[in-house]
Number of protein chains: 2
Amino acid sequence: MMTIMIEVKPTLSQRREIAHMKVSREQMGENRRRILDAAGRLFRDRGFEAVTVAEVMREAGLTHGGFYGHFRSKDDLIAAALAELVVASEPGPLALPAFAARYLSPAHRDDPASGCPVAALASDTIRQAPEARATMTEGLRRQIARLTDGAAEPESARQAAIGSWAAMVGAMILARMSDDPALSDEVLAQTRAWIDRASPSTPAE
Amino acid sequence: MMTIMIEVKPTLSQRREIAHMKVSREQMGENRRRILDAAGRLFRDRGFEAVTVAEVMREAGLTHGGFYGHFRSKDDLIAAALAELVVASEPGPLALPAFAARYLSPAHRDDPASGCPVAALASDTIRQAPEARATMTEGLRRQIARLTDGAAEPESARQAAIGSWAAMVGAMILARMSDDPALSDEVLAQTRAWIDRASPSTPAE
DNA sequence: CTCTAAACATGATCGCTATCATGTAAAGCA
DNA sequence: TGCTTTACATGATAGCGATCATGTTTAGAG
């Protein structure tokens, strides 16, 4: 779930001086990707509601008018952006203690925009359109699968995967919610220790 | 955190036929409580943004005009409603396995409006005014205290309290997010089992 | 009992945002 | 090369929602 940080500083300067133009099909595809990427970061940073369509387009280096040439509606963009975020994570196995250590880091807490979409958007998704919820549910299945991949005892591994994944998501939300830095740090560290203690010992990732 | 469900079907009929009136100081206090109660339920159910001031007032049996006689702004209402929700929970100790069982129930999942304000509103609070975040942080401290109350070894108890509280909040959010009932149920059950397994065995609540 | 202030209802206002309407120029086909 | 379509820019539109303005009545002070 910890998506790889992608640096996309769009070369909007290229388009800056030209007014009214049609771009190549290739450019259009890149523009669409830029929109999705900007949306993914903005949504994680501020939630679905607080982000405006115009703002996403601006971040993507375009103006608000062209938006409806790419997406049917803002809800459509939300669904597409979530799918992109969930699909973007590679399906490789995740060894629990090492993964938890990375996930529960202050760096991750302090940078929601390029962090886990579940920690950032799960609550918002609850009230979202069915398609968005379905995408996140599929992401949850995949995450459980990744966390149980290569386990000896499937049953206890599944319990550990679900339990520690819930703890990671909950801890990240609580840590971001807390305005007391010490308590916030402690939530991360203690949850990490808690997961380590309860996890079947696994070699490094 | 699991607030007691309070049935407040206001006797607005009493006010229905009367137009333009000043109410007694006592009535005003009751009205304020009604507003806070309605806000607390609506916010938990649909989040801060999706709930309108007019809607809260309607639910409280009043009209939107009187709102600013009670609160400075919607943000002020949010802060007050959160404080009410967090303070309302009695400070008694919570024995972990029993509390987790109640918390991680399908009934709780299916009724956010009268359920835990943290599971419902923690993510929303992250982007809220400082006062709201401070209130929730204080609530987190209290919750940790309640979960560690009466423990033999303070250190490991604190770790267990934080770890399992994070797991409970995370599991509730994931369970509400999932559109697959079976998976949603499983998240609750497995997280509960995970907490039980990792918890120092405690007698019944 | 009078008078004043309070508490709430009704009815604006004002800004913000999703979405649509129109124009333009270049891409891509014939 | 000329024509048509398209991708995007610019400029509305329209509805919603927080907040304010005003009026009315009665609680509460004297």
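In what follows, every heavy atom counts, from backbone to side chain, and hydrogens, waters and symmetry copies are set aside.
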Using the side-chain heavy atoms of B/Tyr68, tell me which of these nucleotides is nearest: D/dA18, C/dC8, D/dA9.
D/dA18
Using 0.5 Å steps for rounding, measure from the CD1 atom of B/Ile144 to the CD1 atom of B/Ile162.
4.0 Å
Between B/Arg141 and B/Glu138, does a salt bridge (Lys or Arg N to Asp or Glu O under 4.0 Å) hold up when you go through it step by step?
CA-CA 5 Å; B/Arg141 281 198 203 90; B/Glu138 183 54 31; 2.9 Å; yes
Assign A/Thr63 to base, sugar-phosphate, or nothing according to its heavy-atom contacts below 4.0 angstrom with the strands shown.
base
Which atom pair, heavy atoms only, marks the closest approach of A/His70 to A/Arg32?
O-NH1, 3.4 Å
Answer with base, sugar-phosphate or nothing: what part of the nucleic acid does B/His70 contact at a heavy-atom distance below 4.0 Å?
sugar-phosphate
Specify the separation, in whole Å, of atom CG of A/Leu42 and atom P of C/dT17.
13 Å
At under 4.0 Å between heavy atoms, what does A/Val51 touch on the DNA or RNA strands: base, sugar-phosphate, or nothing?
sugar-phosphate
Whole-Å distance between C/dC16 C1' and B/Lys74 NZ?
14 Å
Once you round it to whole Å, what is the distance between P of D/dC8 and CD of A/Gln27?
8 Å
Considering only C/dA18, C/dC8, D/dG17, which nucleotide approaches the side chain of B/Thr52 most closely?
D/dG17
Short side-chain N/O contact from B/Asn31 to OP1 or OP2 of C/dC8, under 4.0 Å
yes
What integer distance in Å separates A/Ile35:CD1 from D/dA7:C1'?
11 Å
For A/His64 and A/Gly69, take the nucleotide of DNA chain D holding the closest heavy atom to each; which residue's nucleotide lies nearer the 5' end?
A/Gly69
Roughly, in whole Å, what's the span from CE in B/Met28 to P in D/dT26?
18 Å
What do the steps show when you test A/Arg46 against A/Glu55 for salt bridge (Lys or Arg N to Asp or Glu O under 4.0 Å), and what is the final call?
CA-CA 12 Å; A/Arg46 315 222 302 273; A/Glu55 193 174 8; 2.7 Å; yes
Taking the side chain from B/Thr191 and the backbone from B/Leu188, do they hold a donor-acceptor pair closer than 3.5 Å?
no
Measure the distance from CG on B/Leu62 to P on C/dT10 and round it to the nearest whole Å.
11 Å
Euclidean distance, atom CD of residue B/Glu26 to atom C1' of D/dG28 [Å, nearest integer]:
14 Å
Rounded to whole Å, how long is the line connecting atom CZ of B/Phe67 with atom P of D/dA18?
9 Å
